[in-house]
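Down below is the structure, laid out as structure tokens.
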Amino acid sequence: MGNINTVSDIIRVHGVERADRTALVQGERRLTWAELYARARQMANLLAANGVGPQDRVAFLDKNGIEHFEVFYGAALLNAVCVDVNWRLAAPEVEYIVNDAQSKVFVVGREFVPILDAIAANLTTVTKILVIDGDGSYADYETELAAQPDTDPGIASTSADVAFQLYSSGTTGRPKGVMLANANFFGLLPLAKEIWELSPESVNLVAMPLFHIGGGGWAVAGQYEGATSIILRELDPAGLIRLIGEERITHGFVVPAVLQFVLMVPGAAEADYSSLQVLVYGASPISEDVLANSVKVFKCKFWQAYGLTETTGAVVNLPPADHALDSPNRHRLRSCGVPGPGVEVRIVDIDSADDDPRTCETGEVGEIWIQSPQVMIGYWNMPEETEKAITADGWFKSGDVGYLDADGYLYIHDRVKDMIVSGGENVYPAEVENVLMGH
């Protein structure tokens with residue numbers, strides 16, 4: 001395989017070396033790697049024609065779809081940065097993110113045109129709006145794309161360049177733009193093969209929202225290997241079961257709520273999961289009951305992953321051996337596992353001074369700090385926030401509270417700041433209170 005060291009290399013190498021292999025599947029649509037590369041080249045030229053250059057931001061607002069990857073890899077070919085916006089956000093928050101990222105082009109799915117209508121006049125840096133499957137009131141995505149030549153602009157990117165910018169919902173104030181460099185991704189991508197057994201033959205389920213690292217990052221992990229990605233636009237548990245059998249899905253990442261809903265579908269236990277090899281779950285706690293039933297029904301290897309947007313996803317993993325229901329270490333199911341290769345975790349006394357943090361004893365609860373090549377460059381245009389989050393010697397303060405046991409397994413208690421998790425989404429009480437107070 002050609003050398004893949006940046007996100008743009010993924011499409012350039014597989015677009016040639018795996019040209020006829022299927023890259024993306026969404027419903028009836030299938031794109032080979034060659035087709036995806038050609039459309040990414042056209043997208044790169046379309047973006048460039050609208051003033052997008054290296055490290056400029058391109059905003060994307062739509063549910064999971066093939067277009068996300070056309071824009072993501074199209075931007076990468078220019079060494080530009082795709083910013084996927086959470087489509088669950090209200091119009092003012094979408095407006096804030098698109099402007100904060102200084103996006104030059106804004107790609108919007110037809111379903112979200114009402115939000116676009118509400119904010120279009122307030123977008124300060126956007127020079128071009130493209131609507132997927134447009135209705136004529138804005139430039140149409142497909143029409144504009146088709147008019148472009150499919151030549152590769154040939155712009156290189158380095159390991160230090162930002163490859164992805166995701167907005168994490170801030171516990172305080174505005175969402176923060178998490179800058180993930182190629183180097184952050186490649187701290188993890190080569191390990192995906194040995195940890196989760198992803199390979200060029202894998203058929204990878206892309207079901208989580210692509211504006212989350214568990215969606216977009218997981219997809220890229222499979223694509224790095226040259227796997228086929230099966231894109232699920234909306235999470236329909238019965239549809240998901242059918243898809244596993246029909247597309248012979250081998251790998252997937254889901255949040256525990258998805259496993260719970262799938263198990264509740266009538267006939268779920270009798271469906272065909274013979275292709276499944278590995279399921280990774282994370283982003284919120286899982287009940288032992290759901291986990292035990294999942295292991296019985298799906299009969300594949302299970303990994304739990306713990307990580308944050310700021311750590312480019314998984315940094316702590318609970319391996320399949322610890323999912324054995326008859327294991328003498330069954331209590332480990334309550335943990336999220338052990339640090340991955342190249343990752344260090346320490347537990348720091350929350351009350352100790354910033355300039356002299358005290359490392360907690362085994363079993364003592366404190367804030368989880370992480371050191372890894374996967375730790376973000378920082379928050380976009382927020383140097384003070386970056387300084388608060390990452391110590392001078394490179395430890396990222398996660399804001400999560402937990403402890404390490406004698407075997408080095410990490411157990412999570414809570415957020416430093418109160419938070420509700422709903423279906424893998426972080427919901428902060430303050431945000432809910434603000435809305436209630438506004439009525």
Salt bridge flag under 4.0 Å for residues R332 and D405: no
Less than 3.5 Å apart, any donor N or O on the side chain of S8 or S157 sitting next to an acceptor on the other? yes
Any salt bridge between R248 and E201, counting N to O under 4.0 Å? no
Any idea how W369 and W395 line up, ring-wise: parallel (<30°), tilted (30 to 60°), or perpendicular (>60°)? tilted
Option passing ring-ring contact (aromatic ring centres under 6.0 Å, His included) with W196 (candidates F302, W218, F253): W218
Are V94 and F106 close enough, and set up right, to give a side-chain contact (heavy atoms from CB on, under 4.5 Å), and what steps lead you there? CA-CA 11 Å; V94 173; F106 188 21; 4.1 Å; yes
Using the rule side chain to side chain contact (heavy atoms under 4.5 Å, CB included), only one of V178, I213, D400 pairs with L308; which is it? D400
Between the side chains of N329 and S327, does any donor sit under 3.5 Å from an acceptor? no
Where do V365 and I347 come nearest, in terms of heavy atoms and distance? C-CG2, 4.1 Å
Do D62 and R233 sit within salt-bridge range, that is, some charged N less than 4.0 Å from a carboxylate O? yes
What do the steps show when you test Q223 against Y73 for side-chain contact (heavy atoms from CB on, under 4.5 Å), and what is the final call? CA-CA 11 Å; Q223 289 162 359; Y73 286 117; 2.6 Å; yes
For the rings on F185 and Y224, is their centre-to-centre separation under 6.0 Å? no
Hey, does V203 have a side-chain heavy atom less than 4.5 Å from the side chain of I230? yes
Kindly determine whether I377 and V162 satisfy side-chain contact (heavy atoms from CB on, under 4.5 Å), including the steps that lead there. CA-CA 8 Å; I377 306 179; V162 178; 3.8 Å; yes
Are the side chains of F211 and K63 in contact, using a 4.5 Å heavy-atom criterion? no
How far apart are the C-alpha atoms of R30 and E247, what are their side-chain angles, what is the distance that settles it, and do they pass the salt bridge (Lys or Arg N to Asp or Glu O under 4.0 Å) test? CA-CA 12 Å; R30 280 176 150 65; E247 296 292 349; 2.6 Å; yes
What closest approach, in Å, do A227 and S202 show between heavy atoms, and which atom pair accounts for it? CB-O, 3.3 Å
Under 3.5 Å: donor-acceptor pair, side chain of S372, backbone of V343: no
Checking the side chain of R57 only, and the main-chain atoms of Q55 only, is there a donor and an acceptor separated by less than 3.5 Å? yes
Check: T311 side chain, Q374 main-chain N or O, donor-acceptor pair, under 3.5 Å: no
S275 and I244, any side-chain heavy atoms less than 4.5 Å apart: yes
Flag for D272-S274: side-chain donor and acceptor within less than 3.5 Å: yes
Under 3.5 Å, is there a donor-acceptor pair between the D20 and T32 side chains? no
Measure from the side-chain N and O atoms of Q26 to the backbone N and O of I66, and report whether any donor-acceptor pair falls under 3.5 Å. yes
N79 to D161 - nearest heavy-atom pair and separation: ND2-OD2, 3.0 Å
Using a 4.5 Å cut-off on heavy atoms from C-beta on, say whether the side chain of L31 contacts that of V25. no
Distance only, no hydrogens: is a donor on one side chain within 3.5 Å (strictly under) of an acceptor on the other, for T359 and R346? yes
Check ion pair E197-K301 (N to O, under 4.0 angstrom): yes
Worked check of salt bridge (Lys or Arg N to Asp or Glu O under 4.0 Å) between K104 and D56: CA-CA 7 Å; K104 290 195 172 174; D56 283 337; 3.1 Å; yes
Could you check whether R174 pairs with D100 (Lys NZ or Arg NE/NH1/NH2 to Asp/Glu carboxylate O, under 4.0 Å)? no
Parallel, tilted or perpendicular: which fits the ring planes of H68 and F72, with parallel below 30° and perpendicular above 60°? parallel
Got more than 12 heavy atoms from elsewhere within 6.0 Å of CD, E361? no
Can any side-chain N or O of D9 pair as donor or acceptor with the backbone N or O of T6 at less than 3.5 Å? yes
Mind listing the closest non-hydrogen atom pair of P339 and G408 along with its distance? CD-O, 3.9 Å
Can you tell me how the ring of Y273 sits relative to the ring of F298, calling it parallel under 30°, perpendicular over 60° and tilted otherwise? perpendicular
Enter the distance from L166:CG to L210:CG here, rounded to the nearest 0.5 Å. 10.0 Å
So, do V278 and T250 sit near enough that their side-chain heavy atoms are less than 4.5 Å apart? no
Residue pair V375 / E310, side-chain heavy-atom distance below 4.5 Å: no
Non-hydrogen side-chain atoms of T158 and N182 separated by less than 4.5 Å: no
I would like to know whether V58 and V52 meet side-chain contact (heavy atoms from CB on, under 4.5 Å); could you show each step before the answer? CA-CA 8 Å; V58 177; V52 175; 4.0 Å; yes
When you look at NZ of K193, are more than 12 heavy atoms from neighbouring residues, nucleotides or ligands closer to it than 6.0 Å? no
With rounding to the nearest 0.5 Å, note down the distance linking CD1 in I97 to CD1 in I119. 10.0 Å
At their closest point, which heavy atom of I155 faces which heavy atom of P54, and how far apart are they? CG2-CG, 4.3 Å
Among V83, N184, D84, V7, which residue meets the side chain to side chain contact (heavy atoms under 4.5 Å, CB included) test with F164? D84
Smallest heavy-atom separation, L263 atom then S294 atom, equals CD1-OG, 3.6 Å
Looking at the rings of Y281 and H323, which for Trp means the six-membered one, are their centres under 6.0 Å apart? yes
Around atom CZ of F261, are there more than 12 heavy atoms from other residues, nucleotides or ligands closer than 6.0 Å? no
Rounded to the nearest 0.5 angstrom, the CZ-SG distance for F69 and C82 is 10.0 Å
For the residue pair E367 / S398, report whether a side-chain donor-acceptor contact shorter than 3.5 Å exists. no
Is there a side-chain contact between V126 and V105 in this structure, where contact means two heavy atoms from C-beta onward sitting under 4.5 Å apart? no
Would you give the length of the straight line joining atom NE2 of H251 to atom CD of E225, rounded to the nearest 0.5 angstrom? 9.5 Å
Is there a donor-acceptor pair closer than 3.5 Å between any side-chain N or O of D407 and the backbone N or O of Y409? no
Look only at the side chain of Q165 and the backbone of Y379, and say whether a donor-acceptor pair between them is shorter than 3.5 Å. no
Please tell me whether N317 and Q304 have a donor and an acceptor in their side chains that are separated by less than 3.5 angstrom. no
Any donor and acceptor pair, going by atom type alone, linking the side chain of S229 with main-chain N or O of V206 inside 3.5 Å? no
Under the 6.0 Å and 45° cation-pi test, does R334 pair with Y411? no
Say you draw a straight line from SG of C300 to CG of L279; how long is it, rounded to the nearest 0.5 Å? 4.0 Å
Using a 6.0 Å distance limit plus a 45 degree cone around the ring axis, check whether R39 lies over the aromatic ring of Y37. no
